[in-house]
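These notes concern the structure reproduced below.
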Amino acid sequence: MPYRKKIIAGNWKMNKTNNEAKVIVHDLILEIGKFDDADIVICPPFTALSIVSEMLLDIQNIKLGAQNLHQASHGAYTGEVSAAMLRELFVRHVIIGHSERRQYFGETDKLVAEKIKAALGAALKPIVCIGETLQQREANQWKKVIETQIRGGISGLDEKEISEVVVAYEPVWAIGTGKVATGEQAQEVHAFARGIFKDIYGQAVSDKLRIQYGGSVKPENAQELLNQPDIDGALVGGASLDARSFTAIVKNSCAK
Ligand code: PGA
């Protein structure tokens with residue numbers, strides 16, 4: 001089986017003031033600042049990026065991520081943030097197309113594709129989210145939804161570009177609900193998604209592509225999920241807001 005280093009990312013969403021961010025990052029540096037078995041990313045809100053960036057300056061093993069960006073390089077887009085602005089703060093990753101952005105801010109696969117290009121243009125690594133709603137799962141449409149999101153949002157890249165991308169499968173019904181997909185359920189979707197990438201980009205690319213699982217990941221379920229052959233990491237929301245639980249997830253993710 002091809003080796004893919006696990007990547008565990010914490011998505012703080014709209015949580016934590018700068019003072020709160022300082023406290024948790026201090027604890028994370030102590031606990032996992034030297035942990036090397038997985039890539040670790042934390043994604044604070046825009047307002048805390050600068051302070052967290054400073055704190056992580058000498059920490060090799062925790063990388064900084066943003067939760068969103070605008071697709072244009074600059075201009076009259078009140079309230080928006082560009083890839084270059086993020087890059088200058090030493091942001092390395094950026095979450096794109098999170099289901100909350102799709103649901104509350106109308107983001108489409110086309111916009112996702114544009115944002116991926118903008119991120120890559122500034123040497124930011126996109127974490128691109130895909131996933132079906134409860135209704136779509138119950139109507140047995142998840143395959144169609146996943147395939148449409150991949151082909152519509154993540155298919156127009158060359159081989160070098162796709163190698164910078166991490167995909168996050170996040171079933172919308174499992175986000176913030178406490179309803180986690182079982183390892184088996186998640187594995188089925190991950191394997192299906194990887195098959196589509198193989199169809200688009202070929203075996204070598206799909207073997208290297210990291211696909212995270214997201215949706216109510218907790219210290220208790222991280223190991224079962226992350227031991228699945230096609231699950232290469234986790235995108236953690238709620239449980240990333242607490243240093244102890246995020247640390248436990250990172251460590252459990254790499255436990256056999
Ligand atoms: P959750 O969120 O871990 O709170 O379910 C995951 C996400 O939205 O990325």
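Since the model is a prediction, treat every value here as computed from it, not as a measurement. When a ligand or atom number is given, it counts from 1 through the structure's own listing order.
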Ligand-residue contact atoms, ligand 1 with Gly176, heavy atoms, under 4.0 Å: 1 (P), 4 (O), 5 (O)
So, does Gln223 use its side chain to make a donor-acceptor pair with the main chain of Asn252 at under 3.5 Å? no
Top protein contact for atom 9 (O) of ligand 1, by heavy-atom distance: Glu170 OE2, 2.7 Å
Please confirm whether Glu100 comes within less than 3.5 Å of ligand 1 when only nitrogen or oxygen atoms on both sides are compared. no
Does ligand 1 have any atom sitting under 4.0 Å from a heavy atom of Ser216? yes
Atom indices of ligand 1 within 4.0 angstrom of His98 heavy atoms, with elements: 7 (C), 8 (O), 9 (O)
Ligand-side contact atoms (ligand 1) for residue partner Gly215, heavy atom cut-off under 4.0 Å: 5 (O)
Examine ligand 1 and decide if any of its atoms is less than 4.0 Å from a heavy atom belonging to Ala239. no
Quick one: which ligand 1 atoms are inside 4.0 Å of a heavy atom on Asn11? 9 (O)
Answer yes or no: is there a donor N or O on one side and an acceptor on the other, between the side chain of Glu224 and the main chain of Gly183, under 3.5 Å? yes
Looking only at distance, does Val236 have an N or O less than 3.5 Å from an N or O of ligand 1? no
How long is the gap from CD1 on Ile196 to OG on Ser155, to the nearest 0.5 Å? 10.5 Å
Point-to-point distance, once rounded to the nearest 0.5 Å, from CZ of Arg92 to CG of Leu124: 10.0 Å
To the nearest 0.5 Å, how far apart are CG in Asp109 and CD in Glu107? 10.5 Å
Can you confirm whether Glu88 is buried at CD, in the sense that more than 12 heavy atoms of other residues, nucleotides or ligands lie under 6.0 Å from that atom? no
Salt bridge between Arg244 and Glu31, side-chain N to carboxylate O under 4.0 Å? no
Kindly confirm or rule out an N or O of Gly238 lying under 3.5 angstrom from an N or O of ligand 1. yes
the protein heavy atom lying closest to atom 3 (O) of ligand 1 turns out to be Gly237 N, 2.8 Å
Does Ala174 approach ligand 1 within less than 4.0 angstrom via side chain, backbone, both or neither, non-hydrogen atoms only? backbone
Where does Ile175 meet ligand 1, judged by heavy-atom distances below 4.0 Å: at the side chain, the backbone, both, or neither? both
Please report whether ligand 1 has a polar contact with Lys13, defined as an N or O pair separated by less than 3.5 Å (distance criterion only). yes
Out of the candidates Tyr77, Phe105, Phe46, only one should pair with His70 under the ring pair (Phe, Tyr, Trp, His ring centres under 6.0 Å) rule; please name it. Tyr77
His190 backbone acceptor or donor facing Asp230 side chain under 3.5 Å: no
